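Read through the structure below, which is laid out as structure tokens, and then see the notes.
The first residue of the sequence shown is numbered 1, and numbering continues consecutively from there. Please read all numbers here as calculations on a predicted model, not as lab measurements.
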Amino acid sequence: MSGRVRKRRALLGSCLAALVAGAVTPSASYAAEQPNLPPAVQDLQAQPGGCASGDELEYVRSYPVLKARLTDPVEDDRIGHPEQLTAEFEVWWSDPDGTEQRRSWTTWPTYVDRVHSIPLPSAIPSETVISWHVRASDGVAYSPWSSEAPGGACRFVYDDESPAAPVVSSPEYPADTRWTGGVGIYGSFTMDSSSADVVEYRYTFLGGPSGTVRPAGMGGPATIRYVPLSRGPKILSVQALDRAGRMSAPTNYTFHPNAASAPVSRWKLDDEAGSATAAAEAGEAARAGRGVTFGGPAPSGTPLTSTVTLDGSRHGFLTTDSPAVDSGRTFAVGAWVRPARDDRSMTVLSQDTASGAAYALALEAPREASASYSFTLGDTKITGGAPEAGEWAYLLGLYDTETGYAQLFVNGQEVGTKTEAAPVRADGAFQIGRILGPHGYRQSWHGDIGDVRAYDRLVVPGEVTELALRTPRLLGHWSFSTADGATTPENAGGAPLRLAPGASIYRGPDNCIPDIDPDCPWQPYPLVGEGHLQLDGESGHAVLDTPVVDTGDSFTLGVVARIEQDDATRPMTVLSQAGEHTDAFRLRYDPAQYAWQLIMPERDEAGAPETVVAQVTMPDGASGHGTRLAVVYDDATDTVKLFADGYTDAKATAHLRDGWTSGGPLQVGHAGSADGWDEHLKGQVDELQAYAGAFKDEDVIGLGHETDPCLC
């Protein structure tokens, strides 16, 4: 045998097949050292599957394309004639009667290290085991078949039938039944296809979560758990996926969750002064200790009319004879609280066991850290929030047996980190205002508590927000459309604003039309409605004589302002409210920064620095049709936000730990200083609105109109 023939046989015996064109595979580098290796079976591909051999089968949903990359690790000795190789693919199967069928295809010659591919024709039968292998040739000799390598021939099954659409069922939420289950109540949803090769179900709750779930065994059913977050029709769409990757037609399952159920225990704690017990809206009445006083203050903006005050002594408590809720399952407990102090730990509510407490909501005041609220369940404790003496907060502790996590919410926002917990079932008394310890009851609450609730279900996010909601209350709305001498009225008959010299109500153009009457001068229209406040920039301003908002509590202010560009030569104040030594807030425009700014000193002290706590940059903000400005201070979250035309950002949001109450008058058009009044506004002001309580971000856009915004 000639040297050239021996070289070719060694070359062809080392030809490799690879998955990806142009890739240098480990098999190729190994073959360079071992020139007689056959193609590596694991480097073959039958797109869209791989090369399955032995007892393993690859199921494919379309006619595959067979691919192999052929390489020659031995250099050719023919100078100037690059070697070319062909690939011979062979496919075989057995007909139902046992007759073997074979087909083969050979590719066109091409250079070494190229991918060779053959698309299989539609004549390849479905639901039949198809085997295949490949070998290389340079026109003189053949390499061994790829099936001679360890593992054998590649095999696949072409699946041309999609799985049957699944059937969906739920015991808690039967299809098309009105109404069942309820918001916050989990239900099981089972999906099952009649096709035996289903390996996965893909599901989507319309407008809700989506995901995948695999049955325990191929072709079997699978079950998911789902909790409705709102009442009304819901649609669950499910598709089955088989082992070949074929998807079934969707099944749409419609069900109708009921409204959220009421708490299983509830005490409004709005009983008449002198009561010895607290009536129960649900559950059993609670006996009151001697340190309990009914008829306490209620948080503004809530439906509560009064609360109960506990004096912090061992007699300041309320209790029942039985648990408020089964704490061994999903449950939630909540209450409105206002601590009279935040320098010691105090308990809002707890559940007795034989030797301690199953759970508790409390105020924690460690010696070396700031106070926080807490929810304890067994050995798990979650802390968060920032209690302040005299400040209302809504607390809610929740445990979900489905997830195994406990959570704490303060004023509608989750605080701390949700934590895995083990439930503790208890049959002892329920306590309001204290907790059972190793040596008796302790951590007595000093302050006010209202509307204690316990739920035997999940309280969903929308409910958490609603429970903690304090609806803003309108304090005053001035539209600046009319003047009564030197005053302009409040829309609902409240206190009017006094107009100083240099301030007037502009009512808009006369009845003449400039386009028709050449003697009729052009006049601008009012900012909003039928008129606005015009200020001359020297002495003009309007004043209320009293504070309009309590700056120590949550408040919202809205106003529309316009400054002509030619007049924007210095900082000018739109609104301010005076304290004893400095303004509690100052809303102004600074042309040097092209920005609306909010200044709120932390303390009412002489010479307090003017710190800009929030700013919205608007290059054209000092002209045009006016800018709708809003200031929102949320005492519950200790944040203040400045909005301009409904817009705010990180620079327009600030942390304000302790707001202080100003006793001075509301000023429109100037601000107070050590030398008197300054930053007089030359421009127009309209639609001034003041509210007790903090607007939600999405409601701010409603400010600045003639009608009061809908706080829905």
Side-chain angles (χ1 to χ4, degrees), residues 17-21 39-69 87 89-105 115-134 145-147 149-168 191-204 210-223 237-251:
L19 284 171
V20 182
V41 172
Q42 64 268 26
D43 291 333
L44 303 178
Q45 186 179 24
Q47 286 187 332
C51 174
S53 59
D55 295 333
E56 183 182 2
L57 289 175
E58 183 81 26
Y59 285 82
V60 297
R61 64 181 181 270
S62 59
Y63 296 110
V65 176
L66 307 184
K67 291 189 175 184
R69 183 168 67 87
F89 292 87
E90 186 175 50
V91 176
W92 67 96
W93 67 89
S94 294
D95 288 340
D97 60 2
T99 303
E100 185 179 80
Q101 301 287 342
R102 284 185 178 266
R103 306 285 189 275
S104 65
W105 299 268
V115 173
H116 295 249
S117 62
I118 290 292
L120 293 184
S122 59
I124 298 298
S126 63
E127 304 303 328
T128 302
V129 177
I130 309 295
S131 302
W132 67 280
H133 56 192
V134 63
W145 287 102
S146 59
S147 56
C154 301
R155 302 167 47 169
F156 67 86
V157 175
Y158 166 54
D159 185 351
D160 66 346
E161 184 177 350
S162 297
V167 174
V168 182
M191 44 206 76
D192 191 8
S193 171
S194 59
S195 298
D197 59 348
V198 170
V199 295
E200 184 177 278
Y201 296 95
R202 297 182 179 181
Y203 65 88
T204 298
S210 61
T212 62
V213 60
R214 300 180 71 87
M218 186 170 62
T223 300
S237 183
V238 182
Q239 289 179 281
L241 184 75
D242 68 16
R243 58 190 168 187
R246 282 187 171 273
M247 195 83 73
S248 74
T251 294

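Not counting sequence neighbours, Glu127 has no partner by the side chain to side chain donor-acceptor pair (under 3.5 Å) test. For Ser122, there are no side chain to side chain donor-acceptor pair (under 3.5 Å) partners at least two apart in sequence or on another chain. Contacts of Trp105 classified as ring pair (Phe, Tyr, Trp, His ring centres under 6.0 Å), with partners at least two apart in sequence or in another chain: none. Residues satisfying the side chain to side chain donor-acceptor pair (under 3.5 Å) criterion with Thr212, sequence neighbours excluded, are absent altogether. Here Tyr158 pairs with Tyr63 under the ring pair (Phe, Tyr, Trp, His ring centres under 6.0 Å) rule; sequence neighbours left out. Judged as a side chain to side chain contact (heavy atoms under 4.5 Å, CB included), and not counting sequence neighbours, the contacts of Ser104 are Glu88, Glu90. For Ser62, the side chain to side chain contact (heavy atoms under 4.5 Å, CB included) criterion is met by Pro48, not counting sequence neighbours. Partners of Pro125 under the side chain to side chain contact (heavy atoms under 4.5 Å, CB included) rule, at least two apart in sequence or in another chain, are Trp93, Thr128, Ile130. Listed by chain and residue number, nothing satisfies the ring pair (Phe, Tyr, Trp, His ring centres under 6.0 Å) test with His116 (two or more places apart in sequence, or in another chain). Under the side chain to side chain donor-acceptor pair (under 3.5 Å) criterion, Arg202 pairs with Glu200, sequence neighbours left out. For Ser195, the side chain to side chain contact (heavy atoms under 4.5 Å, CB included) test picks out Pro163, Ala164, Ser193, Asp197, Val198, with sequence neighbours left out.
When the shell of 6.0 Å around CD of Gln101 is examined, it contains more than 12 heavy atoms from other residues, nucleotides or ligands.
The two residues Ala165 and Ala249 have their closest heavy-atom pair at CB-O, 3.4 Å. The minimum heavy-atom distance between Gln239 and Ser248, with the atom names listed, is NE2-O, 2.8 Å. Between Pro215 and Pro221, the shortest heavy-atom contact is CB-O, 3.4 Å. Taking every heavy atom of both residues into account, Ala244 and Asp159 meet most closely at CB-CB, 3.7 Å.
Looking at heavy atoms from C-beta onward, Arg103 lies out of side-chain contact with Trp132 at the 4.5 angstrom threshold. Looking at Leu66 and Val91, their side chains come closer than 4.5 Å, going by heavy atoms from C-beta outward. Contact of the Phe156 side chain with the Leu120 side chain is registered, since non-hydrogen atoms from C-beta on lie closer than 4.5 Å.
Between the side chain of Asp242 and the backbone N or O of Gly245, at least one donor-acceptor pair lies under 3.5 Å. Here the side chain of Thr251 pairs a donor or acceptor atom with the backbone of Pro166 at under 3.5 angstrom. Looking only at distances, a side-chain donor or acceptor of Ser146 sits under 3.5 Å from a matching main-chain atom of Val134. Within the 3.5 Å criterion, the main-chain N or O of Arg246 finds no donor-acceptor partner in the side chain of Arg61.
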Fill in: Full working for side-chain contact (heavy atoms from CB on, under 4.5 Å) between Val213 and Met191
CA-CA 10 Å; Val213 60; Met191 44 206 76; 3.9 Å; yes
Item to complete: Evaluate side-chain contact (heavy atoms from CB on, under 4.5 Å) for Val199 paired with Met218, printing each intermediate quantity in order.
Response: CA-CA 5 Å; Val199 295; Met218 186 170 62; 3.8 Å; yes
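Here NZ of Lys67 is found 6.0 Å from CD of Gln45. Values are rounded to the nearest 0.5 Å. Interatomic distance, Met247 CE to Tyr201 OH, rounded to the nearest 0.5 Å: 13.0 Å. Phe89 CZ to His133 NE2: the interatomic distance, rounded to the nearest 0.5 Å, is 11.0 Å.
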